[in-house]
Amino acid sequence: MAHVPNSAEQYEKMIGTPIPQLVSSLAIPTTISMLVTVIYNTADTYFVSQINKSASAAVGMVYTLMAILQAVGYGLGMGAGSLISRKLGEKDDDAAERYAVSAFVAAILAGAVVGWGCLAGLKPILRALKCTDTMLPYAVPYAHWILLAAPVSCASFVLNNTLRAEGESTLAMWGLGLGGVLNIVLDPLFIFTLDMGAGGAALATAVSQVVSFVLLLMFFLTGRSIVRLRLRIVSRHFRDYWLIFTTGLPTVCRQGLGSVASAVLNMQAVLYGDAAVSAITIANKLYVFVRNLVIGIGQGFQPVAGYNYSAGKRRRAWQAFWFSSLVGTVLCTVCAIVMAIFARPILWWFCSDAEVVRIGAETLRFSCIVLPLLAVSTFVNQLYQCLGYRTAATFLASCRQGIFFLPAVLLLPLWLHCAGVEMSQPVADLLTFVISMPFLAAFYRHHIRGHAE
């Protein structure tokens, strides 16, 4: 069995390894994990799009419910992860383990309540989201399997973030990656060979999530992780769960508002027909593809920042932020150029409907204009969150798909019609970047400048 460093060895690695080498060693596996996740989510969109545009639009409608589950899982996972990395930096292993196991149990329970609760009222919920009669036959079976697997899905987020927080992102990569590859294989089998349609894509996702969960859990049960999952130390104090929740609140806001944003976006797009919903869904999947790669890089620098900041090595935390920002900005710029040039061929690959391609390519090019700004604004938010500055992190997390997006998606179509729906997210991203800059300057001025290590 491969050697897994203990907490003392990991501490020395975190505060002694050169920042580019350290961040890269953690960011590469997390980025690969996000890449695989996005690929199999995009694979769902691709294979379902081969059925018809109503099926593709239905996936976009169900994404609102998926975003709620992600808010629960990621919120608990990121909250626990931030606390774990800081406690390990303070050499408080017992507290790190307590937060890990408490978040794990909370994720299973919360996933059951939210996922199965939505499942009980599925059709009325989809109707409230403006799911049309042509979309509903595809949306119901797709949502069914996604919601049924909610406890496992939420718990997997916590296990993943625990491994990343302790600096074992390679193990997290294997857990997510193998499940993702399985999903890509199962999609065409369930959708076409077994003739399960859109429900087959969701079943493939659910099966893959269960496989990932089992693999991740085995890493903990077989001693491959630094943090151990000992159920007997699960916290019985409300304050621990409140601290996990409030630390993860920026993620909850980000993902929760993502659910609201998705619902409002679909409600606005459906006014222009199924083709508009399908096109914007596909274009947004491609944009999210790049965004998730950026988040993967950020999840590589967060434990580095948390360890070093808590250990008094503030300038190393700052160096981790800037190295990640440079790499992320270069990645976003290259992706923006490629997607802008090949927007129509990319959309044709997903769907051959001319109207879907036209609207989708236009949406994608609007996104490409602001894509190079995405990394820095994302990492400013992640920096505040991983170091425990909850109020500022929550505000920044609320900007992109809440404070700026909701007015944009409601007001721009009044003057620009469908184009206003298409450009609402890029406008929100631009404003989020602008508001992030004063927060970045303030962080440097108050926490980095003049600090001697």
Side-chain angles (χ1 to χ4, degrees), residues 34 36-49 55-78 107 110-123 125-126 128-131 135-136 138-158 160 176 179-180 183 187 198-210 212-213 251-267 269 277-278 280-289 291-292 295 400-401 425:
M34 298 303 292
V36 172
T37 302
V38 175
I39 286 175
Y40 79 69
N41 284 337
T42 306
D44 271 5
T45 303
Y46 171 75
F47 287 116
V48 171
S49 296
S56 177
V59 173
M61 288 290 180
V62 176
Y63 179 76
T64 300
L65 301 180
M66 294 173 68
I68 294 174
L69 296 178
Q70 289 173 356
V72 173
Y74 269 127
L76 291 170
M78 292 299 291
V113 171
V114 175
W116 297 349
C118 290
L119 189 60
L122 182 55
K123 282 191 177 181
I125 290 173
L126 290 173
L129 295 174
K130 304 300 181 183
C131 195
M135 298 178 197
L136 203 62
Y138 304 101
V140 170
Y142 188 84
H144 174 83
W145 292 109
I146 297 295
L147 296 173
L148 195 63
V152 169
S153 174
C154 291
S156 294
F157 287 132
V158 171
N160 252 290
L176 267 184
N183 191 22
D187 261 343
L203 178 58
T205 298
V207 170
S208 301
Q209 287 174 343
V210 171
S212 288
F213 171 78
T251 301
V252 174
C253 289
R254 184 164 53 244
Q255 297 294 141
L257 286 171
S259 176
V260 175
S262 176
V264 176
L265 182 66
N266 287 330
M267 290 176 185
V277 178
S278 179
I280 292 172
T281 295
I282 294 171
N284 282 345
K285 286 279 188 178
L286 295 167
Y287 189 49
V288 168
F289 176 88
R291 176 168 169 75
N292 280 5
I295 291 174
R400 182 177 180 267
Q401 292 191 302
Q425 188 63 72

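Just so you know, these numbers come straight off a predicted model, no measurement behind them. Throughout, residue positions are numbered sequentially from 1 according to the sequence presented.
When all heavy atoms of Ala150 and Gly115 are compared, the closest pair comes out as CB-CA, 3.7 Å. Taking all atoms of both residues into account, the shortest heavy-atom contact from Ala149 to Ala206 is CB-CB, 3.8 Å. Across Ala110 and Leu76, no two heavy atoms sit closer than the pair CB-CD1, 4.5 Å. Shown here for Pro141 and Ala202, the closest heavy-atom pair between the two residues is O-CB, 4.3 Å. In plain terms, the two heavy atoms of Pro151 and Trp116 that are nearest each other are CG-CZ2, 3.7 Å.
Ile125 meets the side chain to side chain contact (heavy atoms under 4.5 Å, CB included) test with Leu65, Cys118, Leu129; sequence neighbours excluded. With sequence neighbours left out, the side chain to side chain contact (heavy atoms under 4.5 Å, CB included) criterion links Val152 to Ser156, Val210, Phe213. Legend: residues meeting ring-ring contact (aromatic ring centres under 6.0 Å, His included) with Phe157, ordered by chain and number and at least two apart, are Tyr74.
Leu148 CG to Ser153 OG: the interatomic distance, rounded to the nearest 0.5 Å, is 12.0 Å. Residue Ile280 holds its CD1 atom at 11.5 Å from CD of Gln425, rounded to the nearest 0.5 Å. Rounding to the nearest 0.5 Å places OG of Ser212 at 9.0 Å from CG of Asn183. Atom CG of Leu122 is separated from atom CD1 of Ile146 by 11.5 Å, given to the nearest 0.5 angstrom.
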| task | Mind running side-chain contact (heavy atoms from CB on, under 4.5 Å) on Val113 and Val72 for me, showing each step along the way? | result | CA-CA 11 Å; Val113 171; Val72 173; over 6 Å; no
| request: Would you sort out whether Tyr142 and Met66 count as a side-chain contact (heavy atoms from CB on, under 4.5 Å), showing the intermediate values? | output: CA-CA 11 Å; Tyr142 188 84; Met66 294 173 68; 4.1 Å; yes
